[in-house]
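Please read the structure below before turning to the comments.
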Amino acid sequence: MSNLEQNFEVLENRLMRAWVHRDTSDLKSLISSDAIWMFGIKPPVLLDRASFISAVQHEFACESFRFHEVTARQYGKSVWFSGHVELELKLGTKNWSGNFLVTDLWRKGTIRRRWTLAERSLSPVEPNSGLSDAIRSMQLWR
């Protein structure tokens, strides 16, 4: 794992722990003011920063998380982080737990020079090893 991946895995874990502990001050420090959260469900749903933080305070609980197969790639002053994550989520009384694909865009600020989350896409993962194997067979670097 590269240093970039390690550094962003630390940030991702901090963000997720803040969600688990409903630590809104840490969430606010990690999430940019113009951030959006995209939920890859049908139909897809967006939340802005204020809506997400309010939901975390009330009905949107993350009870546990575990990252797998993470990667981070830098593009100028931005970094794309992606990976699989096991989540135990509660939406009020509804359980929404399982495996998800998370894709996060982190931006480095110009004034404070710190990384903040600008966008998160969270989608449930459907296991399909046949499709995974077929796509993997197209990789030229294998």
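What you see is a predicted model; the values in this text were computed from it and never measured.
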Review point. For the atom pair CZ (Phe60) and OG (Ser54), what is the distance rounded to the nearest 0.5 Å?
Key: 12.5 Å
Point to revise | Shared hydrophobic cluster for Leu117 and Val45 (ILVMFWY, side-chain gaps under 4.5 Å) | key: yes
Review point. Under a 4.5 Å side-chain heavy-atom rule over Ile, Leu, Val, Met, Phe, Trp and Tyr, are Trp80 and Phe8 clustered together?
Key: no
Check your understanding: Do Val125 and His84 come within less than 4.5 Å of each other through their side chains, counting heavy atoms only?
Key -> yes
Review point. Is a donor on one side and an acceptor on the other found under 3.5 Å between the side chain of Gln74 and the backbone of Gly76?
Key: yes
**Study point:** Heavy-atom closest contact (Ser123 atom, Gly40 atom, distance)
**Key:** OG-CA, 3.4 Å
Check your understanding: How far does CH2 of Trp96 sit from CZ of Phe39, to the nearest 0.5 angstrom?
Key -> 6.0 Å
Review point. Taking a hydrophobic cluster as the set of Ile, Leu, Val, Met, Phe, Trp and Tyr residues connected by side-chain heavy atoms closer than 4.5 Å, whether directly or through intermediates, do Met16 and Leu91 fall within one such cluster?
Key: yes
Point to revise | Gly83 versus Leu101, closest heavy-atom pair with distance | key: O-CD1, 3.4 Å
Exercise for review: Answer whether the closest heavy-atom distance between the side chains of Phe81 and Leu105 falls below 4.5 Å.
Suggested key: no
Point to revise | ILVMFWY cluster, Leu122 and Met38 together (side-chain gap under 4.5 Å) | key: no
Check your understanding: Do the side chains of Leu30 and Leu11 get nearer than 4.5 Å, heavy atoms only?
Key -> yes
Revision key, fill the gap. What one should report as the nearest heavy-atom pair of Leu4 and Ala72 is CD2-O, 3.6 Å
**Study point:** Note: Arg120-Glu12 ion pair, threshold 4.0 Å (strictly below)
**Key:** yes
Point to revise | Rounded distance [0.5 Å steps], CD in Glu119 versus CG in Leu46 | key: 8.5 Å
Check your understanding: Which atoms form the tightest heavy-atom contact between Val70 and Glu9, and what is the distance?
Key -> CG2-OE1, 3.8 Å
**Study point:** Approximate separation, where rounding is to 0.5 Å, of Arg66 CZ and Leu87 CG
**Key:** 12.5 Å
Practice item. May I ask whether Leu47 and Ile53 are part of the same hydrophobic cluster, defined by side-chain heavy atoms of I, L, V, M, F, W, Y residues being less than 4.5 angstrom apart, directly or through others? Key: yes
Review point. Please, which pairs that meet side chain to side chain donor-acceptor pair (under 3.5 Å) have at least one residue in residues 35-52, sequence neighbours excluded?
Key: Asp48-Ser51
Exercise for review: Could you tell me the separation between the CD1 atom of Ile31 and the CZ atom of Phe52, rounded to the nearest 0.5 Å?
Suggested key: 5.5 Å
Check your understanding: Between Thr24 and Gln57, is any pair of side-chain heavy atoms under 4.5 Å apart?
Key -> yes
Check your understanding: So, Phe67 versus Phe100, ring centres under 6.0 angstrom or not?
Key -> no
**Study point:** Pair Asp23 + Lys28: basic N to acidic O under 4.0 Å
**Key:** no
Point to revise | Distance (rounded to the nearest 0.5 Å) between Leu15 CG and Asp104 CG | key: 7.0 Å
Check your understanding: Do Arg17 and Trp19 touch side chain to side chain, with heavy atoms closer than 4.5 Å?
Key -> no
Point to revise | More than 12 heavy atoms from other groups under 6.0 Å of CZ on Arg114 | key: yes
Exercise for review: Side-chain contact test, heavy atoms from C-beta onward, threshold under 4.5 Å: evaluate it for Arg107 versus Ser32 and give yes or no.
Suggested key: yes
